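Report on one structure; see the data block that follows.
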Amino acid sequence: MSAEATNPVTPGPMPGAVSGPVTPTAPRRKARPRIDLRRLGRAALLGPAARGRLPDAISHVVEAHRAHHPDADLEPLRRAYILAESSHRGQMRKSGEPYITHPLAVTLILAELGAETTTLTASLLHDTVEDTDVTLDQVREQFGEEVRYLVDGVTKLEKVDYGAAAEPETFRKMLVATGNDVRVMSIKLADRLHNMRTLGVMRPEKQERIAKVTRDVLIPLAERLGVQALKTELEDLVFAILHPEEYAHTRELIVRNADRADDPLAEVADEVRAVLREAGITAEVLIRPRHFVSVHRVSRKRGRLRGSDFGRLLVLVNEDADCYGVLGELHTCMTPVVSEFKDFIAVPKFNLYQSLHTAVARADGQVVEVLIRTHQMHKVAEAGVVALGNPYAPAPDDPADGERVDPTRPGWLSRLLDWQEAAPDPDHFWSTLREDLAQDREITVFRPDGGTLGLPEGATCVDAAYAQYGEDAHACIGARVNGRLATLSTVLRDGDTVQLLMGQDPASEPSREWLEHAHTPAARIAIQRWLAAHPDQAEAQEHEARTVETDRPSGDRLSRSARGRLPAAPRPATDRATQSRPADPSGTDTPAASGPEQPGTRAAGGDVLTDDLPDATVRLARCCTPVPPDEITGFAVRGGAVTVHRVECAAVARMKDGGRAEVGVRWGEATECRVTLVAESFVRPHLLADLTEAMALEGAEIVSATVEPPTQQQVRHTYTVQLPDAAHLPVLMRAMRNVAGVYDVSRAQPQTQSS
């Protein structure tokens, strides 16, 4: 990591002098002793201890490690320190201390978090391959493949070879290594924390550059790995460098609050202890002060701060059930703020975090937030994946060849690893990585097959498609969300069930419009890569998106979603009756088809016989367009004509309620059939051409067509078609439904107009 550093100093308001954040808890609790770099430097200069004896320089590390792993084998640590010390001997940090103090400090950070021996061994050696003559082969020979892999994972790429791309490519390499072993990122985070603590010797512009990368990349990674202890301190260190004035103001607020005579948090803590003692619940009640950035956020949100705003209460119990017992007692004996309750035990966060959150109100109006968790939950909340030890070692109760599943792999990390392979260049990878990590929350959606997809909050069905199918998602035509049809632009919520509907055409192409709804880098990169590889189709999509076609019969306008080449405009059916007779003023009647008007006139849907009024002209109602073998009824209208409706038409009920008498009508010989159909589809290129071609192949003549403007990636088509006979209607509707992208075809629904 080759970090230049300065002597550790007491934190102060000026970022250049910061070796660690101002600890808000100093007035109330005993500060954790810092590693004495000067003492360790002297110990390192004395050389390794006698054979088999642990060097004094790693005594702090050994003490912290044994607190978590009392039976750990310390021999690898002894040998790793000897190799690291001898390799770095003569190298100095800019502060003047021996360089070995840096890997020692990094290893101590990890030991205090509970890292297992392999991680600590690799941490001691993490700079040897980068900064000394030690090779990866030597590391493997002396410490095994696991340690070699971890050391290689955190070894930076040379600027000589990669130039300006060295930093992003180093992070890409590190993330790929993390995909196989999350301990790589644990070492990197601890390394960055120590470098941030000792950043004061750097030039201001370099401090700012390192702080921004820490803010944009390392802190989000610490959050996703659940390592809150590192994340909060990194946040405070970055805050001090990038916002020194606000940092100084926040520090002053914390110091003033520490000098207060009364402490509402302490008073409520005593009340909580009394309540739990009376209930017989064994619990430890602690005051958990907020770190600097947290105080700053609360200050901006609430304005003037009160004593209860500077911290929260932490209640630690032994069993999960006790957490809910504590919650019940607090809500019974104190005044709960119900809106503040959150259950992260039943539904853990994606970064392993588990806890109950609630709040209670004091008589003076101050609200005290309370966190309730078990001791094990607290360990994981602080150390995240570091607390898991080796997440890849077989569990004791697993079969001999069983492996524990890495809890971070199925979600955000898998998604990140998938898209990084497709990033076209280091700059694109770097900017996309920062953007991806800026998304704060993750949701889980379920697949019908029982699998799950981890997606960032705000993800859509487009994102789900590319997360599940990769570039095969180009063929996606729609989705069902919780059993209901949904557009690809639908935003998903945590817990939704998503079934993706895939087309069968191997040459399917994504729509440029999908980029507007793609939230994840994987989806955006896949779509952009296809568009870049198919410039002609992409240009055609761009052109068609700006075009409104007007070459359909009767001046029908086709929406911009009607992509591709259209078949020749169909010949409109001749309708002399339409030309010779006025339409019913109600607008619900369609005059009969061609031919002289006589009893039993043939209507557009076939022969309709009127037994009650044999001389009447028959007209089919526009509102329901009956065709054989629909059950029909008739009503006399002005001009001596009879309007024929489907019996289920809403207009029939209204006319009957209004006292209109029905006229007996029945189908005669069924010949030609005219019917209005509505097709519901998802937007995709060439849809209109494919749909009208399928209709033509079934012998349907399109009399008129209307394609409405798309909404939320859905489009509605309305066609009036002429068929040789009514019996062919089900075949036509089935052929239309089989067109990729079409999810429903139905007869035009009866209108609500009166006759």
Side-chain angles (χ1 to χ4, degrees), residues 350 409-419 421-422 436 439 441-531 534 537 541 561 563 679-687 690-691 710-716 736-745:
F350 68 90
R409 191 64 172 90
W412 65 269
L413 184 54
S414 289
R415 189 175 66 247
L416 188 152
L417 292 172
D418 288 341
W419 69 252
E421 294 180 355
D436 187 81
Q439 298 164 349
R441 294 191 60 228
E442 178 161 302
I443 63 171
T444 300
V445 298
F446 297 91
R447 306 196 314 243
D449 61 5
T452 61
L453 294 174
L455 298 168
E457 189 175 44
T460 65
C461 292
V462 171
D463 300 306
Y466 284 95
Q468 181 169 346
Y469 293 108
E471 294 196 355
D472 289 342
H474 296 336
C476 189
I477 59 175
R480 290 183 183 273
V481 178
N482 301 326
R484 303 174 69 89
L485 283 168
T487 63
L488 289 177
S489 62
T490 300
V491 176
L492 299 171
R493 295 178 297 178
D494 196 38
D496 281 347
T497 297
V498 181
Q499 177 188 1
L500 298 163
L501 308 177
M502 305 299 290
Q504 303 302 315
D505 185 358
S508 297
E509 59 191 57
S511 169
R512 180 181 291 274
E513 294 177 0
W514 289 5
L515 285 174
E516 300 174 13
H517 312 297
H519 194 67
T520 59
R524 287 198 302 274
I525 289 175
I527 297 167
Q528 289 167 341
R529 187 159 64 175
W530 186 92
L531 293 171
H534 302 80
Q537 292 95 318
Q541 287 192 25
S561 65
R563 312 289 194 205
E680 303 279 355
S681 69
F682 298 109
V683 172
R684 72 165 177 84
H686 314 308
L687 174 63
D690 293 345
L691 184 57
T711 57
Q712 296 186 332
Q713 294 293 299
Q714 288 177 305
V715 64
R716 178 186 176 95
M736 293 172 68
R737 289 192 189 100
N738 286 337
V739 173
V742 178
Y743 59 82
D744 192 26
V745 176

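Note that the coordinates shown come from a computational prediction; the quantities given were computed from them, not determined experimentally. Below, all heavy atoms of this structure are taken into account, side chains as well, without hydrogens, waters or symmetry copies.
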Handout entry: Working for side-chain contact (heavy atoms from CB on, under 4.5 Å), residues Arg447 and Gln468
Key = CA-CA 9 Å; Arg447 306 196 314 243; Gln468 181 169 346; 3.1 Å; yes
Would you name the heavy atoms of [X] and [Y] that are closest together and state the gap between them?
X: Cys461; Y: Leu500; answer: O-CD2, 3.9 Å
X: Ser681; Y: Val742; answer: CB-CA, 3.8 Å
X: Met736; Y: Val745; answer: CB-CG2, 3.7 Å
X: Leu515; Y: Gln528; answer: CD2-CG, 3.8 Å
X: Leu453; Y: Ala464; answer: CD1-O, 3.7 Å
X: Arg493; Y: Val445; answer: O-CG1, 3.8 Å

Just by distance, do the side chain of [X] and the backbone of [Y] share a donor-acceptor pair under 3.5 Å?
X: Asp463; Y: Ala518; value: no
X: Asp496; Y: Val481; value: no
X: His519; Y: Glu457; value: yes

Going from [atom1] on [X] to [atom2] on [Y], what distance comes out if it is rounded to the nearest 0.5 angstrom?
X: Met502; Y: His474; atom1: CE; atom2: NE2; result: 10.0 Å
X: Arg480; Y: Thr490; atom1: CZ; atom2: OG1; result: 12.5 Å
X: Glu513; Y: Ile527; atom1: CD; atom2: CD1; result: 11.5 Å

Practice task
List the steps and the verdict of side-chain contact (heavy atoms from CB on, under 4.5 Å) for Asp494 and Thr444.
Solution key: CA-CA 5 Å; Asp494 196 38; Thr444 300; 3.9 Å; yes
Exercise for the section: Name all residues meeting the ring pair (Phe, Tyr, Trp, His ring centres under 6.0 Å) criterion together with Tyr469; count only those two or more places apart in sequence or in a different chain, and write none if there are none. Expected result: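 By the ring pair (Phe, Tyr, Trp, His ring centres under 6.0 Å) rule, Tyr469 matches no residue at all.
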Problem - Given Asn482, Thr460, Leu455, the one that forms side chain to side chain contact (heavy atoms under 4.5 Å, CB included) with Leu492 - result: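 Looking at Asn482, Thr460, Leu455, the match for Leu492 under the side chain to side chain contact (heavy atoms under 4.5 Å, CB included) is Leu455.
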Practice task
Go through the steps to decide whether Cys476 and Leu488 satisfy the test side-chain contact (heavy atoms from CB on, under 4.5 Å), and finish with yes or no.
Solution key: CA-CA 9 Å; Cys476 189; Leu488 289 177; 3.6 Å; yes
Handout entry: Parallel, tilted or perpendicular, as decided by the 30° and 60° cut-offs, for the rings of Phe682 and Tyr743
Key =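 Tyr743 vs Phe682 ring planes: tilted.
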Problem - Student check: side-chain heavy atoms of Glu471 and Trp530 closer than 4.5 Å - result: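 Contact flag for Glu471/Trp530 side chains = no.
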Practice task
Verify side-chain contact (heavy atoms from CB on, under 4.5 Å) between Trp514 and Tyr466, making sure each step is shown before the conclusion.
Solution key: CA-CA 11 Å; Trp514 289 5; Tyr466 284 95; 3.5 Å; yes
